[in-house]
Asker: 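Could you have a look at this structure, given as structure tokens, before my questions?
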Amino acid sequence: MAEQDEFFAPYDAPAGGWGALAATAKALRRQSVVARGSKALLAANQPEGFDCPGCAWPDPKHTSSFEFCENGAKAIAWEVTDKRVTRAFFERHTVTELLAETDLWLEEQGRLTEPMRYDAATDKYVPIAWNEAFATIARHIHAMDHPDQAEFYVSGRTSNEAAFLFALLGRLVGTNNFPDCSNMCHEPTSRGLPLSIGIGKGTSVLEDFEHADMILNIGQNPGTNSPRAMGTLRDAAKRGARIVVFNPLRERALEQFADPKSTQDMLSKGVKIAHLYCQVKVGGDAAALKGVMKLVIEAERAAKAEGRSGVLDHDFIAAHTHGFEDFVADLDATDWADIIETSGLDRATLQQVADIYCEAKSVILMYGMGITQHRHGSENIQQCVNLLLLRGNIGRPGTGISPVRGHSNVQGDRTVGIDEKPTEAYLDQLAKVFKFEPPRAHGHGVVTSIEAMIRGEVRVFLAMGGNFVAAVPDTPVAAAAMRSVALTVGVNTKLNRGHLVHGKEALILPCRARSELDEQDGVLQSVTVEDSMSFVHASGGLLEPVSPDLMSEVAIVCGMAKAIFPDRYTHINWDGYVADYDRIRDDIEAVYPDLFHDFNRRVRQPGGFRLRNPASERIWHTKSGRANFLVFKGVAEEKSRNNEPKVLRLATLRSHDQYNTTIYSNNDRYRGITGTRMVVLMNEADMMERGIMPGDKIRLRTISTDATLRVVENLTAIKYNIPRGSIGAYYPETNALLPLSHHDELAETPAAKSIPVLAEAMG
Ligand SMILES: Nc1nc2c(c(=O)[nH]1)N[C@H]1C(S)=C(S)[C@@H](COP(=O)(O)OP(=O)(O)OC[C@H]3O[C@@H](n4cnc5c(=O)[nH]c(N)nc54)[C@H](O)[C@@H]3O)O[C@H]1N2
Ligand SMILES: Nc1nc2c(c(=O)[nH]1)N[C@H]1C(S)=C(S)[C@@H](COP(=O)(O)OP(=O)(O)OC[C@H]3O[C@@H](n4cnc5c(=O)[nH]c(N)nc54)[C@H](O)[C@@H]3O)O[C@H]1N2
Ligand SMILES: [Mo]
């Protein structure tokens, strides 16, 4: 037990509270940005300020007073840090040396300051002028045999303006290859939800949270990943809304939360958040939801048999839905024993959920990666919708489906064209507005782009932000594939592994961050972003850029475009776009006249505007013209595999001190982990069965159908409150265990929350 105690001690205080205040102060000090950082913090999510890069949760009307958020503060502190990566830094280190450093160390070096190119002779990055960098990109694009040899990756911090132009540029080059971070994240929302309700976005708005009687939180950790949502949940809990959580881990913020703005919270134990906390097994959500829905149908039948009015919203089901009978038939055929076994929840618990659901007049269901990153992530979401449809909980105040997006503009990037499977309507509009014939064949997402790299078919990899190599599955395989590319380009704010695992030629192009002033032609520019609830608003920085040699993302895209097409498409005014971002917004409006009509005027209104969401008006753009009840066959995550008794389901998790591949520290405060990220959270019985003692060093090995051996060693076993058969470990350290082929069947999202593995002590 002693070894485990070195790293683990349960956290009993409420989440938020004093711990969060102390952590914020420490973060600002560590990045030595107390003055600069405080100025930036005060302007985040303010009407005249910039959109917080921390998450995609909306702000109350975007005009609120300073909203405290520890992890937003960290995201900003790490962006406005006083530390710099200069040419002298690259002169001191070869790439091979840098590769031996940890991600934490790389991140700690600070902001990138000037464009660099990889010099193979010295194995170092050396300075390059911007125009030469653009010429290098153009040379490689021109040398391709086919436009599909280029990949245009986008991570979700990129603004609408830069993303729209990047999407245009890729199609002018001739490809729809747009792998993006969304492919690893909420793609099941984008692909699975439209089959249910006709749109791949959430229907709820913040106001709905003020009216819901029940809020289901499934597989989403707001205390860490969207802390501003905790204010919303706290207020809901305080006014008596019942919050029901499905999560294998008891995430502290979902149990107890103290709002640092509330004196009462700070002086007490805070507010109890979850009315009912269901520790579902990893991958057991569809089973649990089917169980709850069976009980709702049972309640309906019982009421009918006794001549009482039932619990279903029959009018809604009759007027607005399709597939109800088949759906009920499947529920009837689903066995209770399977539901209980797969979900890990007993019938009494599911009955409690069903009772709360049937008593609630209005229900919101919010979800995150615990639902999407599965073999049946899209279908999981469809089961969430089924539950809501039973009582008309969509398209009415206080209700709705609420996917909590990750990156602060990941939803916007997709809206403005970062889509490897673009609609015909969008391509037709591009053709009309920009007078060219865009490619029609669908392109690569993240998984298929890596497959193409493995086949040696990728020549140019352009990344607008992000840290592709570290974020994707099968780390060693992906890294080897990336090295086969002729040119890799990273447009980034910070140094990361992606710059070190590079193609034969490589460029680092440093860009201005959101918190920084973006002046073009003497005029300050602002960009726009779309939050998780489809509100579009402006974002303008206020700090001096960390270096005069940075360019804005918009200017970088236009610089590439001009170099690639020196004398083609001359009717497209790239310089004009850079000089005045209003012109980009005018063209976004031209391509999407319905969504973005009057864009420049509406975005100048306080709080911006909401993109129209037909499903929230009960208009269903599905094939049936209705909201569809969709059947999930059986209950299991994977129908074939997995019956081996020793298989564990590994969920790869984010700690409280990381932003995706950016690691802030080796601690995970609310989960009680300190000083290491190389841990596995395990149920005691699972440990005993394998002869593993708390604190033992263990090895995880993936069970897969291919020949690749996937092993991660030297992980410390932590005896933890987690259901049997489920284990947790950190991302990205365990991405090497995640097979590229192990993904959602519809959306191709890597099933990072349910990797079948074996665990053994290393001896
Ligand atoms: N501070 C900070 N903020 C962030 C990020 C960050 O890394 N750091 N990342 C951003 C991004 S890109 C995203 S996508 C979001 C991610 O935010 P979340 O959606 O919260 O993602 P995770 O933390 O990966 O996992 C969420 C929860 O799923 C639970 N879980 C795991 N497996 C299952 C399962 O099978 N069923 C259920 N019901 N639950 C399960 C985990 O215990 C965890 O609590 O946050 C965004 N915001
Ligand atoms: N095993 C496992 N794998 C996962 C996940 C998981 O839960 N488990 N989660 C997946 C998810 S949800 C996501 S979204 C992906 C994340 O994948 P990515 O979005 O590719 O990764 P990030 O770590 O968010 O990218 C960090 C880098 O972005 C750059 N950056 C930061 N701000 C800016 C900016 O304003 N502009 C530009 N141009 N660059 C900027 C910095 O250089 C920083 O190094 O990872 C996925 N991978
Ligand atoms: Mo994400």
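Keep in mind that what you see is a predicted model, and the values were worked out from it rather than measured. Order of appearance sets the numbers: ligands from 1, and atoms from 1 within every ligand. The figures here come from the full heavy-atom set of this structure, side chains too, leaving out hydrogens, waters and symmetry mates.
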Asker: For atom 14 (S) of ligand 2, grab the closest protein heavy atom and report residue, atom and distance to one decimal in Å.
Answerer: Cys181 CB, 3.8 Å

Asker: Would you mind reporting whether Glu748 and Thr448 have side-chain heavy atoms less than 4.5 Å apart?
Answerer: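 Side chain of Thr448 against side chain of Glu748, heavy atoms only: contact under 4.5 Å found.
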
Asker: Got the closest protein heavy atom to atom 43 (C) of ligand 1, with its distance?
Answerer: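 Result for atom 43 (C) of ligand 1: Glu251 OE2, 3.4 Å.
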
Asker: Out of Ala751, Pro750, Gly466, who is nearest to atom 28 (O) of ligand 2 when you count heavy atoms only?
Answerer: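 Shortest heavy-atom distance from atom 28 (O) of ligand 2: Gly466.
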
Asker: Keeping Glu420 on the side-chain end and Asn183 on the backbone end, is there a donor-acceptor pair under 3.5 Å?
Answerer: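 The answer is no, because no donor-acceptor pair under 3.5 Å joins these two groups.
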
Asker: Where is the nearest protein heavy atom to atom 40 (C) of ligand 2: which residue, which atom, and how far?
Answerer: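 Protein heavy atom at minimum distance: Thr493 OG1, 3.5 Å.
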
Asker: Evaluating non-hydrogen atoms only, which member of Glu79, Gln658, Arg157, Arg654 is closest to atom 32 (N) of ligand 2?
Answerer: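 Looking at heavy atoms only, the winner is Arg157.
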
Asker: Which atoms of ligand 2 sit under 4.0 Å from any heavy atom of Gln373?
Answerer: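 So the answer, numbered in order with elements, is 5 (C), 6 (C), 7 (O), 9 (N), 10 (C), 12 (S).
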
Asker: Under 3.5 Å, is there a donor-acceptor pair between the side chain of Asn492 and the main chain of Leu509?
Answerer: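 Answer holds: no.
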
Asker: Name the orientation class of the two ring planes belonging to His407 and Tyr659 (parallel below 30°, tilted from 30 to 60°, perpendicular beyond 60°).
Answerer: tilted

Asker: Short question: side chain of Thr488, backbone of Phe461 - any donor-acceptor pair under 3.5 Å?
Answerer: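 Not confirmed, Thr488 side chain does not pair with Phe461 backbone.
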
Asker: Got a donor-acceptor contact below 3.5 angstrom from the Thr662 side chain to the Gln658 backbone?
Answerer: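 No, Thr662 side chain to Gln658 backbone: no donor-acceptor pair under 3.5 Å.
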
Asker: Which of the numbered atoms in ligand 1 are below 4.0 angstrom from a heavy atom of Gly283?
Answerer: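 Near Gly283, meaning under 4.0 Å from one of its heavy atoms, ligand 1 has 34 (C), 35 (O).
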
Asker: Mind running salt bridge (charged side-chain N to carboxylate O under 4.0 Å, His left out) on Arg710 and Asp474 for me, showing each step along the way?
Answerer: CA-CA 8 Å; Arg710 296 177 179 85; Asp474 255 340; 2.6 Å; yes

Asker: Hey, is Ile371 touching ligand 1 through its side chain, its backbone, both or neither, going by heavy atoms under 4.0 Å?
Answerer: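 No part of Ile371 is near ligand 1 at this cut-off.
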
Asker: Going by the closest heavy atom to atom 20 (O) of ligand 2, which one wins out of Tyr153, Trp78, Phe468?
Answerer: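 Selected option, by shortest heavy-atom distance: Tyr153.
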
Asker: What atoms of ligand 2 come within less than 4.0 Å of a heavy atom belonging to Gly465?
Answerer: 37 (C), 38 (N), 39 (N)

Asker: Just jot down the ligand 1 atoms closer than 4.0 angstrom to any heavy atom of Asn71, in number order.
Answerer: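 In order of numbering, the contacting atoms are 1 (N).
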
Asker: So, Lys494 and Glu79, do they make that salt bridge, N to O below 4.0 Å?
Answerer: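 No, Lys494 and Glu79 are not salt-bridged.
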
Asker: Any idea which atoms of ligand 2 are less than 4.0 Å away from a heavy-atom of Lys753?
Answerer: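 Answer for ligand 2: 7 (O).
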
Asker: Please work out, at 4.0 Å between heavy atoms, whether the side chain, the backbone, both, or neither of Met369 comes within that distance of ligand 1.
Answerer: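 Contact part for Met369 vs ligand 1: both backbone and side chain.
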
Asker: Would you call Arg514-Glu553 a salt bridge at under 4.0 Å N-O?
Answerer: no

Asker: Which residue holds the protein heavy atom closest to atom 21 (O) of ligand 2, what is that atom called, and what is the gap in Å?
Answerer: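 Result for atom 21 (O) of ligand 2: Asn467 N, 3.6 Å.
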
Asker: Among Gly368, Ala513, Ala471, which one puts a heavy atom closest to atom 17 (O) of ligand 2?
Answerer: Ala471

Asker: How far is atom 1 (N) of ligand 2 from its nearest protein heavy atom, and which residue and atom name does that atom have?
Answerer: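 I find the closest protein heavy atom is Asn735 OD1, 2.6 Å.
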
Asker: For Ile218, take its heavy atoms, then give the atoms of ligand 1 lying under 4.0 Å from any of them.
Answerer: 38 (N)

Asker: Out of curiosity, is Gly406 lining ligand 2, as in a heavy atom under 4.0 Å away?
Answerer: no

Asker: What atoms of ligand 1 come closer than 4.0 angstrom to any heavy atom of Asn247?
Answerer: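 Answer, ordered by atom number: 27 (C), 29 (C), 41 (C), 42 (O), 43 (C), 44 (O).
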
Asker: Using a 4.0 Å heavy-atom cut-off, say whether Asn496 meets ligand 2 through its side chain, its backbone, both or neither.
Answerer: side chain

Asker: Report yes or no: do Asp668 and Tyr730 form a side-chain donor-acceptor pair below 3.5 Å?
Answerer: yes

Asker: Which residue supplies the protein heavy atom nearest to atom 36 (N) of ligand 1, what is that atom called, and how far is it?
Answerer: Asp285 OD2, 2.6 Å

Asker: Please confirm whether His186 comes under 4.0 Å of ligand 2, counting heavy atoms of the residue only.
Answerer: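 No, that is not the case, since the closest heavy atom of the residue is not under 4.0 Å from the ligand.
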
Asker: Is the closest side-chain donor-acceptor distance between Glu161 and Thr528 under 3.5 Å?
Answerer: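 The criterion, which ignores hydrogens and geometry beyond distance, is satisfied for Thr528 and Glu161.
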
Asker: Which atoms from ligand 2 have a heavy atom of Cys511 less than 4.0 Å away?
Answerer: 36 (N), 37 (C), 38 (N)

Asker: What is the closest protein heavy atom to atom 37 (C) of ligand 2, and at what distance does it sit?
Answerer: Glu553 OE2, 3.1 Å

Asker: Measuring from atom 29 (C) of ligand 2, which candidate in Ile755, Ile556, Asn492, Asn660 has the nearest non-hydrogen atom?
Answerer: Asn492

Asker: Is the closest heavy atom of Arg514 to ligand 2 under 4.0 Å?
Answerer: no

Asker: Considering only non-hydrogen protein atoms, determine which one is nearest to atom 19 (O) of ligand 2 and report residue, atom name and distance to 0.1 Å.
Answerer: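 Going by distance alone, atom 19 (O) of ligand 2 is nearest to Ser155 OG, 2.7 Å.
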
Asker: Give the atom numbers and elements of ligand 1 that come within less than 4.0 Å of a heavy atom of Ala651.
Answerer: 31 (C), 32 (N)

Asker: Return the closest protein heavy atom for atom 4 (C) of ligand 2 as residue, atom name and distance.
Answerer: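 Checking every protein heavy atom, the shortest distance to atom 4 (C) of ligand 2 gives Tyr731 CE1, 3.1 Å.
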
Asker: For atom 41 (C) of ligand 1, which candidate among Asp657, Val282, Val404, Leu653 holds the nearest heavy atom?
Answerer: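 Nearest heavy atom to atom 41 (C) of ligand 1 lies in Leu653.
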
Asker: Considering Leu249, Thr372, Asn225, Asn221 one by one, which has a heavy atom nearer to atom 45 (O) of ligand 1 than any of the others?
Answerer: Asn225

Asker: Can you tell me which portion of Val410 lies within the under-4.0 Å heavy-atom range of ligand 1? Options are side chain, backbone, both, or neither.
Answerer: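 None of Val410 does.
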
Asker: What I want to check is whether the side chains of Ser552 and Tyr581 have a donor and an acceptor closer together than 3.5 Å.
Answerer: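 Short answer, yes.
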
Asker: Determine yes or no for a side-chain-to-main-chain donor-acceptor pair under 3.5 angstrom, with Thr372 supplying the side chain and Cys185 the backbone.
Answerer: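 Side chain of Thr372 to backbone of Cys185: a pair is present.
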
Asker: I'd like to know whether the aromatic ring centres of His444 and Tyr153 sit less than 6.0 Å apart in this structure.
Answerer: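 Judged by ring-centre distance (under 6.0 Å), His444 and Tyr153 do not meet the cut-off.
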
